[in-house]
2 protein chains.
Amino acid sequence: MEPASEPTGKPRRRRKEARPHEIIVAGLAEFAERGFAATRLEDVAARAGIVKGTIYRYFDSKEMLFEAALSSGIGSAFEALPEIVADYEGSTLDLLRLLVGRLYETLFTPEVELLARIIISEGQRFPAVAELYYRLLVGKGRDVLRRIMERGLARGELLPSPLSATPEALIGPVVMAIVWNTIFGRLDPIEPKRFLDAHLDLLEKALGHNG
Amino acid sequence: MEPASEPTGKPRRRRKEARPHEIIVAGLAEFAERGFAATRLEDVAARAGIVKGTIYRYFDSKEMLFEAALSSGIGSAFEALPEIVADYEGSTLDLLRLLVGRLYETLFTPEVELLARIIISEGQRFPAVAELYYRLLVGKGRDVLRRIMERGLARGELLPSPLSATPEALIGPVVMAIVWNTIFGRLDPIEPKRFLDAHLDLLEKALGHNG
DNA sequence: ACAATTAATGACCGAAAGGTCACTAATTGA
DNA sequence: TCAATTAGTGACCTTTCGGTCATTAATTGT
């Protein structure tokens, strides 16, 4: 179907250092699109500009590549948060606004959406992956939320209540927005900015004491 | 490993009417556990007490079985809601409480959790399935929410705001709870009742005008 | 410059699984 | 009761794909 039109000058370069990362990037794209089971290593290789066999020089199996790919993507996006919370001077509401704003900024970005798609669709089937993300991201976010609420209680800005005991509910809307876009994005995408506005409005109504 | 201990009296019954449903139930369990691609039709058959070939008497392909299974599970759980909203006498807050309470009751049930797991993990890859659920469930829920907000605005109970324009944010916590349990349920399950309390608390704080 | 090393290749293997079909036997109905 | 019908079976076909390995050629070190 393609005679010798383009001789495909394939000089066969050796690039020991660059390869693993390229394979991982290609893998993430394929895994996000097709899911783990339906992803073909040959397609990953093609996307990375190499051949299937080469993958095995860097990764022992499809599953190892999968886990390596998901591990590689864990940014330290929330690394700075505990410090920010500790040093913060303003109101609890403003602190929550800051946190939620960061969440939208961080999560609605092409690379993170890619990762989110994979975790949402495969997380339950790969305990190691779920645990990794729980420990390094979700659990940390939870701790930060808890600390914010404790701080609010200590400063007398809020009273003990079901909500202060389960502050995770406060970030429900962001999670919903991501999942929604993952599943129904083609039919009826959520505009992050619009959702953020509604979310901030909800926080303010629920926790602001003005009037 | 099992000589002739139990001769397995397999009388080979013919049950034209019961079979399709049994296959669908077996399929749902397998699809939820392993995902579409990794599910083996032989396992589905075994679970249904038949043999792989028999599946093909009722379904043309694995994909057809998948779609049939997901279609079959669509309960009319929200069917009654529009009427309830139309006839409701109480406050907007109470109406929302009612709605949210129903959501928790409906969604945190073994069968629905099974379906949720499948939709969350495979929805993006099966546009037909996503569309079906969007039209029959999600879209309807959205309409109900919108009508509740319109009603609240008309009755002067709430003012136009980012939140009233994007009321989906109000049910974020339920969605989060389901997705959380799907992905991190083994590590740190969310107790629906506790989350419901926090959610109701959030609604009340955000929309109640007392004090 | 050239030998040793090793990244990269692509042909190949074997198992797994979707799907088919000729056959078996339970059901139906005349 | 017995022939016609058809649900159910299981052996089989075919393709796909994860994984292997002998071979090739780019790189490295001396």
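By convention in this document, chain letters (A, B, ...) are assigned in the order of the sequence lines, proteins followed by strands, and residues within each chain are numbered from 1. In this text the structure is predicted, and so the values were computed from the model without any measurement.
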Can you check side chain to side chain contact (heavy atoms under 4.5 Å, CB included) on B:L163 and B:L158, steps first, answer last?
CA-CA 10 Å; B:L163 184 57; B:L158 28 90; over 6 Å; no

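- Although no hydrogens or angles enter the test, the distance criterion places a donor-acceptor pair under 3.5 Å between the side chain of A:H199 and the main chain of A:L170.
- Between A:Y58 and C:dA8, a side-chain N or O to OP1/OP2 separation shorter than 4.0 Å is present.
- Nucleotide C:dA8 holds its C1' atom 11 Å from the CD1 atom of A:I23, rounded to whole Å.
- Straight-line distance from the CD atom of A:E17 to the P atom of C:dT6: 14 Å, rounded to whole Å.
- Atom CD in B:E42 sits roughly 15 Å away from atom P in C:dT20 (whole-Å rounding).
- Of the side-chain N and O atoms in A:R13, none sit less than 4.0 angstrom from OP1 or OP2 of D:dA26.
- Here the C1' atom of nucleotide D:dC17 and the NZ atom of A:K62 are 8 Å apart, to the nearest Å.
- Between B:R125 and B:S121 the shortest heavy-atom distance is NH1-O, 3.4 Å.
- When the nucleotides D:dG8, C:dA8, D:dG18 are ranked by their closest atom to the side chain of B:R15, D:dG8 comes out on top.
- Between the side chain of B:R14 and the base of D:dG8, no donor-acceptor pair of N or O atoms lies under 3.5 Å.
- One interatomic measurement links the two molecules: CZ of B:F36 to C1' of C:dA17, which rounds to 12 Å at whole-angstrom precision.
- For the pair A:I55 CD1 and D:dC17 C1', the computed distance is 12 Å after rounding to whole Å.
- Distance check: B:Y56 OH to B:I23 CD1 gives 11.0 Å after rounding to the nearest 0.5 Å.
- The interatomic distance linking A:Y56 (OH) with C:dG10 (C1') rounds to 15 Å, in whole Å.
- Between B:K52 and B:R57, the residue anchored closer to the 5' end of DNA chain C is B:K52, taking for each the nucleotide with the nearest heavy atom.
- Each of B:T39 and A:I50 was assigned the nucleotide of DNA chain C with the nearest heavy atom; the assignment lying further toward the 5' end belongs to A:I50.
- Within the structure, a side-chain polar atom (N or O) of B:R40 is placed less than 4.0 Å from OP1 or OP2 of C:dA17.
- Where B:K16 and A:D60 meet DNA chain D, the nucleotide closest to each residue was compared, and B:K16 sits on the side nearer the 5' end.
- Applying the 4.0 Å criterion to OP1 and OP2 of C:dA7, one finds that A:T54 has every side-chain N and O outside that range.
- Separating the CZ atom of B:R19 from the C1' atom of C:dT27 is a distance of 13 Å, rounded to the nearest angstrom.
- Taking only distance into account, the side chain of A:R12 meets the base of C:dA8 through a donor-acceptor pair shorter than 3.5 Å.
- The pair A:K205-A:D201 counts as a salt bridge, with a side-chain nitrogen and a carboxylate oxygen less than 4.0 angstrom apart.
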